[in-house]
Amino acid sequence: MSITRKWSSQQQKAREILIRLKRLYPDATCSLTYDSPVQLLAATILSAQCTDERVNKVTPELFSRYPDAPAMAAAPLEELETLVRSTGFYRNKAKNIKGSCQKIVQDFDGKVPKTMEQLLTLPGVARKTANVVLAHGFGINMGVTVDTHVKRLSKRLGLTKSDNPIQVERDLMRLLPQPDWENWSIRLIYHGRAVCRARKPDCDRCSLVDLCDFVNS
DNA sequence: ATCCCGAGGG
DNA sequence: CCCTCTGGAT
């Protein structure tokens, strides 16, 4: 009943979940389309409260017209707003893409910074976006990407009690070895989209039911 | 009516 | 803590 014993049982549970999800989604990768770190940054900003599928419908035209940081930094705001409109929050997203690229050009020699601290200085970039860019753009695992799916599934599975993404990330970092941090996020996102949906979770088809606090409560 | 790989401001 | 930003899909 010691606290350490409870932690290791939660660690075993997390690892068992990840083993099953790796078997279920062996080829899961970041589902945003991009050709460079700055394109990944822009696509990730666009992915806020929007499906990746929708993001991938606007980025080909966006990146065709404005392929790199200098181009996006110099792009007319109205053009960017029109191009990203269908992803929602389009004024904020256009302004943040332009603003981040301006800062990248002015302060970071035109290259997307590779540290959490520097990424967080970019407008429209907080931990979720920074974690995605670091993990998939540079192969650097600074934390666990916690989006709406990762938060929902981690809570349903009983691995966190918090609704605060920062606290959820701390809980997951404690339960998983660092090399698996991004594996966890990617697989939970896939499973969250396909099975453990927000509205109608398909518990009958879920291979994690025996480990889940949500269905067993 | 609710949710989608959030972030910033009050 | 709360609220706002926003269109598209279900």
Side-chain angles (χ1 to χ4, degrees), chain A residues 18 21 25 27-34 37 39-59 61-62 77-78 80-104 116-138 140-157 159-160 162-169 172-173 176 180-202 214:
Chain A
L18 188 53
L21 291 181
Y25 312 105
D27 301 317
T29 56
C30 177
S31 40
L32 297 167
T33 54
Y34 59 94
Q39 290 188 1
L40 173 60
L41 173 64
T44 308
I45 288 174
L46 293 176
S47 72
Q49 294 294 296
C50 178
T51 60
D52 284 10
E53 194 181 351
R54 171 60 47 187
V55 173
N56 291 338
K57 285 180 179 171
V58 310
T59 45
E61 178 74 6
L62 175 67
L77 193 53
E78 294 172 18
L80 294 179
E81 289 180 354
T82 302
L83 287 166
V84 307
R85 187 173 190 283
S86 69
T87 66
F89 300 157
Y90 65 93
R91 293 190 195 90
N92 285 337
K93 289 176 179 177
K95 179 167 37 132
N96 288 334
I97 288 172
K98 184 175 168 69
S100 284
C101 287
Q102 286 176 323
K103 184 147 193 170
I104 287 167
M116 175 64 71
E117 186 183 359
Q118 290 174 322
L119 281 167
L120 293 179
T121 68
L122 302 176
V125 178
R127 279 199 73 89
K128 184 262 171 177
T129 301
N131 274 327
V132 170
V133 171
L134 287 171
H136 298 284
F138 301 124
I140 300 170
N141 291 306
M142 286 303 296
V144 180
T145 301
V146 177
D147 74 323
T148 181
H149 294 296
V150 176
K151 187 176 77 169
R152 182 180 70 254
L153 270 66
S154 298
K155 188 167 185 183
R156 283 180 176 173
L157 289 163
L159 297 177
T160 183
S162 177
D163 287 312
N164 179 338
I166 302 294
Q167 183 59 46
V168 174
E169 183 177 359
L172 294 172
M173 287 169 78
L176 293 160
D180 273 329
W181 286 352
E182 199 56 26
N183 282 325
W184 178 265
S185 299
I186 285 291
R187 264 67 180 198
L188 259 65
I189 289 164
Y190 270 66
H191 198 61
R193 286 200 286 242
V195 179
C196 191
R197 299 177 293 255
R199 269 179 279 194
K200 281 172 43 180
D202 198 350
F214 183 71

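Per chain, numbering begins at 1; letters A, B, ... match sequence-line order.
In this structure, A:Arg199 reaches the bases: a heavy-atom distance under 4.0 Å links it to at least one base atom across the strands shown. Residue A:Arg85 is in sugar-phosphate contact alone, with no base atom involved, counting any heavy-atom pair closer than 4.0 Å across all strands shown. Heavy atoms of A:Pro165 sit nowhere under 4.0 angstrom from any nucleic acid atom. Among the protein residues, A:Val125 comes within range of the sugar-phosphate backbone only, with heavy atoms under 4.0 Å from sugar or phosphate atoms but none that close to a base. Note on A:Leu32: nothing from the nucleic acid sits closer than 4.0 angstrom, heavy atoms only. At a threshold of 4.0 angstrom between heavy atoms, the contacts of A:Ser86 are confined to the sugar-phosphate backbone, with no base atom among them. Residue contacts for A:Ser31: at a heavy-atom cut-off of 4.0 Å it reaches a base atom on one of the strands shown.
A:Ile45 approaches A:Gly124 most closely through the heavy-atom pair CG1-O, 4.1 Å.
Between A:Arg91 and A:Glu81 no salt bridge is recorded (no basic side-chain N to carboxylate O distance below 4.0 Å). Here A:Lys155 pairs with A:Asp163 in a salt bridge; the nearest charged N to carboxylate O distance falls below 4.0 Å.
Remark: P of C:dC5 and CG of A:Leu46 are 19 Å apart, rounded to the nearest angstrom. Taking atom CZ of residue A:Phe89 and atom P of nucleotide B:dC4, one finds them 12 Å apart after rounding to whole Å.
Distances were taken from every side-chain heavy atom of A:Ala126 (C-beta onward) to each of B:dC5, C:dT6, B:dA7; the shortest belongs to B:dA7.
Between A:Asp52 and A:Ser31, the side chains place a donor N or O and an acceptor N or O closer than 3.5 Å (distance only, hydrogens not considered).
Straight-line distance between the C1' atoms of B:dC3 and C:dC5: roughly 16 Å, to the nearest whole Å.
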